[in-house]
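Note sheet for the following structure.
Order of the sequence lines fixes the chain letters, A, B, ..., with proteins taken first and strands second; residue numbering starts at 1 for each chain.
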Amino acid sequence: MPNLTAATALSDSEEIRTADPAVSIQGLYKQYGNGPTVLNNINLEIAEDDFIGLIGPSGCGKSTLLKLLGGLESKTKGDIQFLTQQTSPRPKMGFVFQDANLMPWLTVIANVMLPLELNGASKQEAERKAIQLIEMVGLGHVKNHYPRQLSGGMRMRASIARALTIEPQLLLLDEPFGALDEMTRDDLNEELLKLKQLQAWVGVFVTHSVTEAVFLSSRVLVMSANPGEIYREIPIDLPFPRTSETRNLPEFQQKVVEVSQTLHELRNLA
Amino acid sequence: MPNLTAATALSDSEEIRTADPAVSIQGLYKQYGNGPTVLNNINLEIAEDDFIGLIGPSGCGKSTLLKLLGGLESKTKGDIQFLTQQTSPRPKMGFVFQDANLMPWLTVIANVMLPLELNGASKQEAERKAIQLIEMVGLGHVKNHYPRQLSGGMRMRASIARALTIEPQLLLLDEPFGALDEMTRDDLNEELLKLKQLQAWVGVFVTHSVTEAVFLSSRVLVMSANPGEIYREIPIDLPFPRTSETRNLPEFQQKVVEVSQTLHELRNLA
Amino acid sequence: MNATVSRIFPPAIVGVSLIAIWYLVIYLFDIPIFQLPAPHDIIEAGSQEQSTLISGALQTTLACLIGFFTSLLGGVLISVLLAYSSWAYKGFYPYILLLKMMPVIVLAPIIILWFGQGLASITVITFLICFFPIVANTTMGLCSTDKNLVDVFRVYNSSARDEMLKLRIPYAMPYFLTGLKVAAALTPIGALYGDTVAGMGSGSDAGLGFVVVVFSSQLKIPALYAAAFTACFIGFLFVSLVNILHWRLLHKWHDSYAQSN
Amino acid sequence: MNATVSRIFPPAIVGVSLIAIWYLVIYLFDIPIFQLPAPHDIIEAGSQEQSTLISGALQTTLACLIGFFTSLLGGVLISVLLAYSSWAYKGFYPYILLLKMMPVIVLAPIIILWFGQGLASITVITFLICFFPIVANTTMGLCSTDKNLVDVFRVYNSSARDEMLKLRIPYAMPYFLTGLKVAAALTPIGALYGDTVAGMGSGSDAGLGFVVVVFSSQLKIPALYAAAFTACFIGFLFVSLVNILHWRLLHKWHDSYAQSN
Amino acid sequence: DGPQLEKVLLMTDWYPQPEHGGFYQALAKGYYEQEGLEVEIRSGANMRDIRSPVALGQVDFAIGTSDTTLIGIGRGLPLVGLFPYFQHDPQCVMFHPENNVETLNDLDGRTVMLQSSLSYTEYMTKTLGIKMNLIPLDFSLARFATDKDFIQQCFVTSEPIHLANQGVEAQVILLSESGFDPYRHIFTSQQTLQQRPEVAAAFKRASIKGWQEFVEGDPAPALTLINQLNPQQTPELMAKTLRAIKQYRLVKGNDAQGDQLGQYQATRLQAQYEQLNKLGLLDLPVSWDSSFQY
Ligand SMILES: Nc1ncnc2c1ncn2[C@@H]1O[C@H](COP(=O)(O)OP(=O)(O)OP(=O)(O)O)[C@@H](O)[C@H]1O
Ligand SMILES: Nc1ncnc2c1ncn2[C@@H]1O[C@H](COP(=O)(O)OP(=O)(O)OP(=O)(O)O)[C@@H](O)[C@H]1O
Ligand SMILES: [Mg+2]
Ligand SMILES: [Mg+2]
C-alpha cells in the first residue's frame with residue numbers, strides 16, 4: 001500500500017542537493033541500421049524543474065527518444081547535452097523500462113538494491129533505501145520473491161522502485177504505470193510527485209494515459225509518427241503540489257480535453 | 001491502421017459455426033507451491049455469447065485465473081468444465097499473454113502464423129489469414145521484422161493478431177491493450193467486437209481500463225485481492241453491436257461510474 | 001519418497017535390462033571372456049585387483065582434482081578476459097582454438113619436457129583437455145546476455161567489473177555449468193591419458209591409466225574392465241559435483257527447473 | 001574495409017608477438033631443435049614432407065567428416081529423445097555419461113574387435129569423443145526453454161513434435177552450436193587418436209595420426225610439428241564451418257549478435 | 001588366372017619397415033602365390049594387442065614374441081606359436097655414453113622408460129632384483145635427444161639409427177642379455193592351425209624363404225615394396241636397419257648355440273616357460289610343449 005512516511009523519509013541521508021542537470025536536445029535524428037527515420041529533427045530544452053510527459057501513437061519513437069537520453073542507443077545525428085554542474089559527463093540516472101527487466105536470479109529486494117550497489121553504496125544503506133521504496137510501491141510482502149513469482153504489475157512496481165533508489169538527477173520512465181490498475185496508479189502518481197520534490201530530479205516519462213500525462217507533467221509533448229516528431233507542446237500550468245484534489249479542478253479537466261483533442265487532431269491528419 | 005474490411009473478410013473460408021463452448025468454474029482454488037492462497041473459491045458460469053471483463057488490483061489473481069482457464073497452471077482444488085460440443089476435451093483457444101511472448105527467432109508474420117501451423121493449416125492458408133490480422137492491428141509495414149525490432153506496443157499487437165488467427169472458440173486476453181495509446185486501443189476494441197460476432201468465441205479478458213471493460217464486456221467481474229475472489233459481478237446490458245457512438249450513451253457513462261465506484265468501494269474495504 | 005522412487009526407478013530398470021542384454025549376448029553368441037567378460041567376471045577381477053585399483057584410483061583422482069579445478073579457474077578467467085575485451089577475443093581466441101586442437105599426442109612430449117614426468121604434467125594434460133569446453137560455453141554465455149539487462153546496467157553507470165560479476169556471470173551460469181559438466185566428464189579421460197604418457201609406472205605413484213595399460217597388455221581383460229569402471233566412477237563423482245552445483249545455483253530462478261515448482 | 005582490418009589486426013598482432021617470443025625463447029635459452037624447433041624449421045620440414053602430410057590430412061579429414069556428422073546426428077537425436085521423455089532422461093542419461101567417461105584407451109581395443117581395423121573404428125572413436133559435448137549442450141538448451149514460450153505452444157495445442165521442432169530446437173540453438181563448436185575442436189583429436197590405435201599404416205590409407213607417431217619415433221621433430229599444425233588446420237576448418245552456421249542461424253535474432261546491428 | 005588363391009591376413013606390430021623384410025620379400029617375389037596364398041600384410045599399430053583378434057579368428061597370422069603368446073595362452077586364448085623369424089628379440093635399452101651404464105644391473109635406481117607390459121621388466125625387477133623407476137613408453141625420441149640422463153627402451157635396429165641421423169649418439173644393451181630370451185615369431189590360433197594346417201605350413205615355408213633371401217640374397221624387392229607402402233622408410237634408412245639386423249644376427253641366430261632360421265629350440269621354450277611361471281604371469285596351467293609348432 002502506498003505509504004506517505006516512506007517517501008518523506010527518503011532523502012534525509014542526502015546532503016542538501018543543488019544538482020540541477022538540465023538537458024538540451026538539438027536536431028536529433030535516429031535511424032536503426034538503414035531502416036526508416038524513427039526520430040526526425042527533435043529539438044527540446046528540458047529545464048531544471050521539468051517533468052515532461054511524452055504521449056503519442058504506438059511505434060512513434062517515444063521509447064527510442066528515452067533510450068537516446070539514457071545513452072542506450074547511439075544517435076544518427078544531432079546533439080544531446082547535459083548541462084549538469086557535475087564533473088561527470090552524464091547525470092545520475094534512473095530508468096524504468098517498458099518491460100520490467102528485472103534480473104531473474106535476484107529477489108525483489110536485491111533487484112531494487114542493485115543500482116545503489118553499482119554506485120558503491122554500502123549494503124546496509126542500499127537495503128534501507130530499497131525497503132522504503134519497496135514499501136512505497138506496495139511490495140513489502142514479496143520482497144524476498146523472485147521475479148517469476150510476481151504478477152506483471154508487481155514486476156513493474158519493483159522496476160519503479162529500482163529506478164528511484166539511487167535518487168537520480170534525471171529520471172526516465174517508459175510507461176511505468178501501464179500495467180497497473182487505476183487506484184494503484186493514481187496513488188503512485190501522487191507518491192512520485194512527492195518524491196520529485198524531495199529528490200529534485202528532472203523527469204521525462206512516456207504514458208498512454210492522458211489524465212496521467214496532465215496530472216504529472218509540467219509540459220506534455222504530443223508526438224506524431226512516421227517519422228517521430230514533436231507535434232505539439234502543451235504546457236500544464238497547474239500549481240504544484242498536485243494531489244488527488246487536483247484531478248477535480250476544472251483547469252485539470254480542461255487540460256485533459258486539450259491533450260485529447262490534440263491527439264484526435266493528429267490522428268485525423270494521418 | 002485499423003482496417004474494417006480485413007475483419008469482415010476473415011471468416012469467409014470457415015463453415016458456418018455452431019461451436020458454442022461454454023465454461024463452468026466451480027469452487028476453484030489456487031495456491032503456488034505452499035505460498036498463500038491466490039484464488040479463493042471462484043465460481044463462474046460463462047455463457048455461449050459472454051465476453052467477460054476481469055478488473056481488479058494488481059496481484060489479485062487475474063492472470064492466474066486466465067492461466068487456469070487456458071490449462072497452463074494446475075488448479076489446487078475445484079473444477080473447470082468446458083461444455084463444448086466437440087469431442088476434444090478442451091475448446092480451441094486463443095491467448096494473449098500479459099507479455100507479448102513472441103518467438104524471437106520468427107518474424108512478425110511467422111509468429112502470427114504459428115498457431116495455425118500448429119493446428120495443421122496449410123502454409124498458404126495460414127499466411128493469408130495472418131496477413132489479414134496483421135493489417136488489422138496495423139503492422140502491415142513491419143510484417144517481416146523480428147520482435148526485437150518492434151516497439152513494445154507493436155509487439156503486443158502482433159501477439160493479439162496471433163491469438164486471433166486460429167479463430168478460437170475460447171479467447172483469453174490478459175491486458176491486451178495496456179501498452180497502446182488510446183486511439184489505437186479504441187479502434188482495436190471495436191475491431192475485436194466485430195470479430196467476436198464473426199468468429200463467435202466466448203471471451204474472457206483482463207483490463208485495468210474501466211471504460212474498456214464496460215465497452216467490451218457482457219459482464220464485468222470486479223476482483224478483490226488477498227486472496228483473489230470475485231467481489232462483484234456487474235452485467236453490462238448495453239446493446240450489441242457497440243460502436244464508437246456507444247461510448248457517448250448515458251447508459252455507458254453510468255456503467256463506467258458504477259464499475260469505478262465498485263473499485264473505490266473495494267479499495268476502502270482494504 | 002515417491003520422488004526418490006521416480007528418480008531411482010528408471011535408471012535401475014535400464015541398468016538391469018542392459019545387464020540382461022549383456023549376459024544374453026555373451027551366452028547367445030558364445031563370446032569369449034577376452035572379447036567381452038560377463039559382469040560377474042569383472043566384479044571378481046575387481047575384487048582380486050582391489051589394492052592396485054584403489055591406489056591407482058586415488059592417484060588419478062588427485063590428478064583429476066587438480067586438473068579440473070585449474071581448468072575451471074583458468075577457463076573462467078580466460079572467458080572473462082575474452083568477454084571483457086573484444087580485442088582480446090579477436091586476438092586470442094584463434095590461438096586458444098589452436099592450442100585446443102593441437103593433438104595431445106604431439107603436445108604431451110613437450111609438456112613432459114617442461115613440467116617433468118609425473119603429477120604436474122598429468123595435470124597439465126588434463127587441464128588442456130578440460131578447459132576448452134569451459135571456455136567455449138562460458139564465452140558463449142557471457143556474450144549472450146540479454147540486451148535489455150545490459151541496458152539496465154549501462155543506465156546505472158555500472159563499472160565493467162560489476163557488469164561482469166553481477167550480470168554477465170550470473171546470466172552465463174547455465175552455459176558455464178553445461179561446459180563444466182562436459183569438462184567433468186572429460187576429466188578422467190585426460191588424467192588417464194596423462195597417466196599413460198607422463199605417469200609413473202611403479203608403486204603407489206602409478207595412476208589408473210598405467211594400470212589400464214598393464215592390464216591391457218597382460219590381457220587381464222576382466223580386470224581391465226574393472227579399471228575402466230573405476231575410472232567411470234571417478235568421472236561420476238565429478239559430474240555429480242557439478243550437478244549439485246547446478247541445482248544449488250539455478251533451481252530458484254532458471255527455467256530448466258521451472259517445472260518442479 | 002575498416003571492419004576487415006579490425007577483424008584481422010588483433011590476431012595478426014598476437015600471432016606476430018607469439019612468433020617473436022618463440023624465437024626469443026629459442027635463442028635466449030639455446031633450446032635444441034628436438035625440444036622446440038623454430039617456425040622456419042617447421043615450415044621447411046612441412047614442405048619436405050608435403051606429400052605425406054597431404055595424403056594423411058585427406059585421410060584424417062575423411063574420418064573427421066564422418067565422425068563429426070554422425071556425432072552431430074547421433075547427439076541431436078539422443079538429446080531430443082532425452083528432452084522428449086523425462087523417463088528416457090532419467091533412465092539413459094547416467095549410462096550415456098558412463099559411455100562418455102569410459103576411457104577411450106579401454107574402449108579402443110573393443111571397438112576394433114567389433115568394427116575391424118580402419119575407417120569404421122576410427123570413426124567410432126571420433127564419434128565417442130565428439131558426441132557428448134553435443135548431447136550435454138543440446139539437452140541443456142532443450143530443457144532451458146523459456147516457460148512463457150512453452151505456454152504459448154501449450155495453449156495452441158501443439159503436438160509434442162511441433163513443440164520440439166518449432167520451439168525447443170530453435171530455442172536451444174545457441175547451446176547446440178556451442179556444443180558443436182566444442183565437438184568440432186575435439187574432432188581432429190578423436191581422429192588422430194583413432195588413427196594411432198585403429199588406423200592403417202601404409203599407402204594412402206594412412207591418416208595424420210600415423211604420420212605423427214612415425215615422425216615422433218623417428219625424431220623428425222620439426223616434421224612432427226608440421227603434422228600437428230596440419231591437424232590444427234583441419235580442426236580450424238570444422239570450427240569455421242560451425243562459426244558460419246552460428247552466424248547464419250543466430251545473427252538475425254540472438255543477443256550474441258545484438259551489438260552488431 | 002591360376003588356381004583359386006587362399007586369402008590370408010598377416011598382422012604386423014608396426015608400420016611397414018625392414019624389420020618385417022622377409023614377409024615383404026615373399027610377397028614381392030610371389031612366394032606366397034606360389035604356395036597358393038593371397039597374403040595381405042596389414043600393419044598393426046603400437047598401442048593395441050593383436051592377440052585377441054587372432055584368437056577370434058579375425059586375423060590369421062600375427063607377429064609377436066614367444067613370451068606374450070605363452071601369457072595369452074595362460075589367459076585362456078587358444079593361440080599357438082608357428083615359427084620364429086627373429087631368433088632373438090631386438091629390444092634393448094639405450095642411453096647416452098656419458099651415463100656410465102655397462103650392464104643391465106647398472107639400471108638399478110635409475111628412471112627408465114620401458115613398456116610396462118614387457119616380461120623383461122618383470123624379470124629384471126623380480127628375478128634379478130634390479131629396482132627401476134619406470135615410466136611408460138610413448139614411442140617418442142624427443143626426450144632422449146634432449147636429456148642426457150634419459151634411458152629408454154628401443155629396437156636395436158631402429159631408434160639408434162634415427163638418433164644418429166640427428167647427431168645424437170646412443171649406446172645399447174640387448175634386453176635378452178638379462179637371461180630372459182624370447183623369440184620374435186608368428187603365431188596363429190589353434191582353430192586356424194587345426195582347420196587349415198596346410199595353409200599354415202605353406203605360409204611358414206614361403207615366409208622362411210623370404211627371410212632367407214632377405215638377409216642373404218638381394219633384398220631390393222622387399223625394400224622397394226616397403227618404401228612404396230611407407231615412404232618414411234627411405235633407402236638410406238633401410239640400408240642401415242638391414243645392416244643392424246645382420247650385425248646382431250637376429251634372423252639366423254647363433255649357429256653355435258643351435259639357432260636355426262624358422263626353428264624353435266625346445267630347451268629355450270621350456271626355460272622361458274619356467275621363468276614366466278616363476279614370475280606368476282601364467283594364470284592357467286600351460287603346456288609349453290603343445291603351445292608351439294616345432
Ligand atoms: N509462478 C508463481 N509462483 C509463485 N507465485 C506466483 C506465481 N505467479 C503469480 N504468483 C502470485 O500470485 C498472485 C497473483 O498473480 P497474478 O499474476 O495472477 O496477478 P494479476 O492479478 O494478474 O496481477 P497484475 O494485474 O499485476 O498482472 C501474486 O501475488 C503473485 O505474487
Ligand atoms: N532495435 C530496433 N531495430 C530496428 N527498429 C527498431 C528497433 N527498436 C525500435 N525500432 C523501430 O522504431 C520505431 C519506434 O520504436 P519505439 O520503441 O521508440 O516506439 P514507441 O513510441 O516506444 O512505441 P510503443 O508505444 O509501442 O512502445 C518503431 O517503428 C520500431 O519498429
Ligand atoms: Mg515504447
Ligand atoms: Mg496479470
Side-chain angles (χ1 to χ4, degrees), chain A residues 1 32-33 35-36 38 55-64 97-100 137-139 141-142 145 148-157 174-175 177-188 206-211 213 222-223 225-226 228 259-260 263-264 266-268 270, chain B residues 1 32-33 35-36 38 55-64 97-100 137-139 141-142 145 148-157 174-175 177-188 206-211 213 222-223 225-226 228 259-260 263-264 266-268 270:
Chain A
M1 288 294 99
Y32 287 97
V38 171
I55 197 163
S58 172
C60 72
K62 305 178 294 295
S63 300
T64 303
F97 295 85
Q98 196 163 1
D99 300 318
V137 298
L139 292 180
H141 62 298
V142 291
H145 282 42
R148 69 181 171 94
Q149 301 174 303
L150 301 183
S151 79
M154 291 158 110
R155 277 198 288 268
M156 275 313 289
R157 284 183 276 160
D174 199 347
E175 304 185 30
F177 308 118
L180 298 179
D181 59 291
E182 280 181 29
M183 309 291 124
T184 314
R185 184 176 192 144
D186 288 351
D187 290 338
L188 285 178
V206 174
T207 185
H208 287 309
S209 158
V210 176
T211 50
V222 177
M223 287 183 69
N226 295 321
V259 174
S260 290
L263 285 166
H264 272 96
L266 177 63
R267 186 201 182 192
N268 294 336
Chain B
M1 288 294 98
Y32 286 98
V38 171
I55 196 163
S58 171
C60 72
K62 306 177 294 293
S63 299
T64 304
F97 296 85
Q98 196 163 0
D99 301 318
V137 298
L139 293 180
H141 62 299
V142 292
H145 283 41
R148 69 180 172 93
Q149 300 175 304
L150 301 184
S151 79
M154 290 159 111
R155 277 198 289 267
M156 275 313 288
R157 284 184 275 161
D174 199 346
E175 303 185 30
F177 308 118
L180 299 179
D181 60 291
E182 281 182 29
M183 310 290 125
T184 315
R185 184 176 193 145
D186 288 351
D187 290 338
L188 284 178
V206 174
T207 185
H208 288 308
S209 158
V210 175
T211 49
V222 178
M223 286 184 70
N226 297 321
V259 174
S260 289
L263 285 167
H264 273 96
L266 177 64
R267 188 204 181 187
N268 294 336

| query | Do A:Asp99 and B:Arg155 pass the side chain to side chain contact (heavy atoms under 4.5 Å, CB included) test, and can you show the C-alpha distance, the side-chain angles, and the key distance before you say yes or no? | reply | CA-CA 11 Å; A:Asp99 300 318; B:Arg155 277 198 289 267; 3.6 Å; yes

| field | B:His208 side-chain N/O to A:Gly178 backbone N/O, donor-acceptor pair under 3.5 Å | value | no

| task | Nearest 0.5 Å please: distance from the CE atom of B:Met223 over to the CG atom of A:Asp181. | result | 12.0 Å

| What residues form a side-chain contact (heavy atoms from CB on, under 4.5 Å) with A:His141, not counting sequence neighbours? | A:Met154

| query | Side chain, backbone, both or neither: which part of A:Arg157 has an atom under 4.5 Å from a heavy atom of chain B? | reply | side chain

| Using non-hydrogen atoms only, which part of B:Val210 is less than 4.5 Å away from chain A: side chain, backbone, both, or neither? | both

| Options B:Gly35, B:Ser260, B:Ser151, B:Ala179, ranked by heavy-atom pairs under 4.5 Å with chain A, top entry | B:Ala179

| ring pair (Phe, Tyr, Trp, His ring centres under 6.0 Å) involving B:Phe97 - partner list, sequence neighbours excluded | B:Phe95

| said: Can you tell me how far apart OG1 (B:Thr184) and CZ (A:Arg267) are? Round to the nearest 0.5 Å. | reply: 8.0 Å

| field | Gap separating the OG atom of B:Ser58 from the CG atom of A:Leu139, nearest 0.5 angstrom | value | 7.5 Å

| request: To the nearest 0.5 Å, tell me how far A:Asn268 CG sits from B:Met183 CE. | output: 9.0 Å

